[in-house]
K.L.:
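Pasting a structure here, questions to come.
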Amino acid sequence: EAGVAQSPRYKIIEKRQSVAFWCNPISGHATLYWYQQILGQGPKLLIQFQNNGVVDDSQLPKDRFSAERLKGVDSTLKIQPAKLEDSAVYLCASSKTSGGARTGELFFGEGSRLTVL
Amino acid sequence: EDKVVQSPLSLVVHEGDTVTLNCSYEVTNFRSLLWYKQEKKAPTFLFMLTSSGIEKKSGRLSSILDKKELFSILNITATQTGDSAVYLCAVQGLNNNDMRFGAGTRLTVKP
């Protein structure tokens with residue numbers, strides 16, 4: 001079974017530029033999450049989708065971050081304009097049911113490391 | 001505000017030692033507590049705990065939850081260098097099943 005795919009793996013941009021990350025979850029997984037992990041910290045939830053609907057985006061800085069999952073499968077996360085403090089690893093995760101209710105297991109991609117100069 | 005606090009933040013031990021990692025939480029409408037291991041890349045699932053006092057075991061790793069005192073511990077016995085990683089604790093709420101992570105404990109096991 002293929003895992004969660006993310007791209008690009010690494011991205012370096014200057015502040016005020018824009019960047020987009022892509023995620024393809026495990027086939028059949030209804031729930032998709034984007035997390036931001038700053039160095040030395042635990043992952044912080046940015047947005048959670050159930051199919052193509054947003055379940056929770058309360059911690060998404062909506063003035064600069066946006067995310068979509070139009071067809072309920074793959075998803076993109078965009079930052080525009082980027083700030084220095086956006087430097088982090090952006091992790092995408094998926095689960096079969098909402099929150100992986102039966103097993104509690106989220107399957108994570110390898111992440112996209114963003115450096116903002 | 002919901003929060004998850006892990007301690008210690010980092011720990012250095014030698015092979016063969018036993019370690020105990022701690023996770024305390026405050027969350028409304030608690031559903032479950034999960035432990036993940038994160039090496040250089042993505043976190044991988046270890047345990048999910050929903051009931052107090054029931055130990056989960058997998059090889060040299062074990063974990064238990066205390067819902068009255070709002071904490072969990074993760075034990076690793078006979079540590080090996082391959083156990084070196086960041087161990088993340090996450091708490092899942094009933095509301096939308098969102099998962100809130102602690103900052104992690106960085107474990108280094110020296111030969």
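Chain letters run A, B, ... following the sequence lines, proteins first and then strands; every chain starts at 1. No hydrogens, no waters, no symmetry mates; every other heavy atom, side chains included, goes into these values.
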K.L.:
Give the cluster check for A/Leu46 versus A/Val54: same hydrophobic cluster or not, with ILVMFWY residues linked at side-chain heavy-atom distances below 4.5 Å.
P.N.:
yes

K.L.:
Heavy atom to heavy atom, less than 4.5 Å: which residues from residues 109-117 of chain A reach chain B?
P.N.:
A/Gly109, A/Glu110

K.L.:
Are any of the side-chain heavy atoms of A/Tyr35 and B/Met99 separated by less than 4.5 Å?
P.N.:
yes

K.L.:
Does A/Leu84, at its CG atom, have more than 12 non-hydrogen atoms belonging to other residues, nucleotides or ligands within less than 6.0 Å?
P.N.:
yes

K.L.:
Which heavy atom of B/Ala42 sits nearest to which heavy atom of A/Phe108, and what is that distance?
P.N.:
CB-CB, 3.5 Å

K.L.:
More than 12 heavy atoms of other residues, nucleotides or ligands under 6.0 Å from CD of A/Gln41: is that the case?
P.N.:
yes

K.L.:
Does B/Leu65 belong to the same Ile/Leu/Val/Met/Phe/Trp/Tyr cluster as B/Val19, with side-chain heavy atoms less than 4.5 Å apart forming each link?
P.N.:
yes

K.L.:
Less than 4.5 Å to any heavy atom of chain A: does that hold for the side chain of B/Gln6, its backbone, both, or neither?
P.N.:
neither

K.L.:
Select one option (side chain, backbone, both, neither) describing which atoms of B/Arg106 are under 4.5 Å from chain A's heavy atoms.
P.N.:
neither

K.L.:
Pick whichever of B/Pro43, B/Gly104, B/Ser10 has the most heavy-atom pairs under 4.5 Å with chain A.
P.N.:
B/Pro43

K.L.:
Report whether A/Trp22 and A/Ile79 are members of the same hydrophobic cluster (ILVMFWY, side-chain heavy atoms less than 4.5 Å apart, transitive linking).
P.N.:
no

K.L.:
Quick one: do B/Ile64 and B/Leu61 end up in the same hydrophobic cluster if we chain Ile, Leu, Val, Met, Phe, Trp and Tyr together by side-chain heavy atoms under 4.5 Å apart?
P.N.:
no

K.L.:
Within the supplied structure, the quantity of interest is the number of heavy atoms (other residues, nucleotides, ligands) at a distance under 6.0 Å from B/Lys40 NZ; does it exceed 12?
P.N.:
no

K.L.:
Report, as yes or no, whether the 6.0 Å neighbourhood of atom NZ on A/Lys11 holds more than 12 heavy atoms from other residues, nucleotides or ligands.
P.N.:
no

K.L.:
Ring pair (Phe, Tyr, Trp, His ring centres under 6.0 Å) for A/Phe107 and B/Phe45? Distances and angles first, verdict last.
P.N.:
CA-CA 8 Å; A/Phe107 295 83; B/Phe45 173 77; 8.5 Å; no

K.L.:
Quick one: do A/Leu45 and B/Met48 end up in the same hydrophobic cluster if we chain Ile, Leu, Val, Met, Phe, Trp and Tyr together by side-chain heavy atoms under 4.5 Å apart?
P.N.:
yes

K.L.:
Sort by residue number and list every residue of residues 71-80 of chain B having at least one heavy atom under 4.5 Å from chain A.
P.N.:
none

K.L.:
With a 4.5 angstrom heavy-atom cut-off, is it the side chain or the backbone of A/Gln37 that approaches chain B, or both, or neither?
P.N.:
side chain

K.L.:
Would you say NZ of B/Lys57 has more than 12 non-hydrogen atoms from neighbouring residues, nucleotides or ligands within 6.0 angstrom?
P.N.:
yes

K.L.:
Checking B/Tyr36 side chain against A/Leu106 main chain: does a donor-acceptor pair fall under 3.5 Å?
P.N.:
yes

